[in-house]
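Note sheet for the following structure.
Worth knowing before you read on, the calculation uses all heavy atoms, side chains too, and leaves out hydrogens, waters and symmetry mates. When a ligand or atom number is given, it counts from 1 through the structure's own listing order.
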Amino acid sequence: MLRWGAERDVRIVPRSGGHGFAGWSGGDPSSVVVDLSRLRHVGVSGGRAVVGAGAQLIDVYAGLARRGLTLPAGTCPSVGFGGLVLGGGVGPSVRGLGLTCDRLRSARVATATGTLRTIDRASDEDLLWALRGGGGGQFAVLLEARLEPAAVRRSAWFAVSWPWAAAEEALAAWQALVPAADPRLSSTFSLLRGTAPVVRAIGQWLDDDVAALRRAIAPLTRIAGARLSAGAAAHLTNQLRWAGCLGRPLAACHTAGTRPGGRMPRETWAGTSDYLARPLDAAGRRILTARLAARRGGSGAIILDALGGAVRDAGDPGAFPHRDAIVQVQHYAQPGSGGLTGARAWVRGNRRALRGRTTGQAYVNYPDPALPGYRRAYYGASLERLRAVRRRVDPDRRLRFAQDVG
Ligand SMILES: Cc1cc2nc3c(=O)[nH]c(=O)nc-3n(C[C@H](O)[C@H](O)[C@H](O)COP(=O)(O)OP(=O)(O)OC[C@H]3O[C@@H](n4cnc5c(N)ncnc54)[C@H](O)[C@@H]3O)c2cc1C
């Protein structure tokens, strides 16, 4: 297809899981979409996890769990591995095992003009670097990834909630604790508004020592009104927990219509992202609770993922540029009576309200088509090197999208 497109000057758009927020893997009337969803094999060979670009995350977790192995990946079960790994991959083991892209050791790709290549450090160090967090939809089409797996059979989990009145105090405690904690601990703090506001943190500990986990998160449970649940389980069971699939057959844990038995519904929302390099001050925490309280005409969520640990300490970091951030912030809104326009206005308003307290950067895997200064925001200090890689591997910019490196 890529060769065909190059000969006819037709833009080819790769799609793995179709979960890109901006819908760019859907192409447009002048392009042709290459659907990679049937490249969904998951196996182990020569000590490497071998994953087809079209594999959905829950199948990656399940396929590796049979061998007592795992990869750090995301929470959503039906996200495509291709898009996730190329942009980074932040998930419930991120502080201990790093980003998904940190474990990429080699990649089978098709170039923009349709040549098949195996990319590793020996064959093309710069392109491998770009594929490790520089963002999908550019550079090359990933067909298969070979990654370094981690041996994790069991892990511990926790969920703690607080009364809404304690939201700012709970956030202060969480952000002081988790980004600097033992890297076995990964955690997400959420401010959610559906019918009633909810404040909670969930997290995972990379072995099944629940007592050690409880000790590590003790400051969170000392806040008045805290309600904690914690336990240990097979690591795959915990990935099903985060995916919202606990107690369901694995088949149900796929998007309806993409796999037989898939039950996960499709949803529409607006989203954007931020990074924090230091904890939010009291005024910043108040901004978040006030923004949530002010959300009208649909649901809203502000979700903070703790970084640090293996993200900060990656020995061989790849193109993912947000290593110094301590927290990644996701802003989401589902349209209700206020429609998608209201949802978009709310998430972008959150980002504006936090300006000066954030790094100004954003996650390329949570693309926001209206993000001002998106190149510096997504690609940060990696931008110039990414552009140089692209000029070399795709000088005619055949693989492109609206917010690529340019
Ligand atoms: C419900 C939901 C939950 C999510 N949860 C997480 C999470 O926990 N952690 C996290 O880090 N991210 C998460 N994401 C974001 C996710 O990482 C990105 O949306 C990612 O790009 C999705 O990959 P995909 O293959 O499914 O998407 P697609 O829409 O298929 O692709 C996204 C982009 O990558 C390009 N692309 C896709 N496949 C390839 C390929 N094989 N080669 C080259 N380019 C390619 C596409 O052209 C497009 O530009 C979530 C997204 C959703 C919708």
With the threshold set at under 4.0 angstrom, would you say G91 reaches ligand 1 through any of its heavy atoms? no
A22 heavy atom under 4.0 Å from ligand 1: no
Would you please classify the geometry between the Y378 ring and the Y374 ring as parallel, tilted or perpendicular, with 30° and 60° separating the classes? tilted
Among the heavy atoms of W269, does any lie under 4.0 Å from an atom of ligand 1? yes
Heavy-atom contact under 4.0 Å between Y366 and ligand 1? yes
Ligand 1 versus L86, non-hydrogen atoms closer than 4.0 Å: side chain, backbone, both, neither? side chain
Min heavy-atom dist G18 to ligand 1 below 4.0 Å: yes
Looking at ligand 1, does Y363 have a heavy atom less than 4.0 Å from it? yes
Protein non-hydrogen atom found under 4.0 Å from atom 6 (C) of ligand 1: yes
The protein heavy atom nearest to atom 19 (O) of ligand 1 is H19 O, 3.1 Å
Over 12 non-hydrogen atoms of neighbours within 6.0 angstrom of CG in D120: yes
Is L36 close to ligand 1, meaning an N/O of one under 3.5 Å from an N/O of the other? no
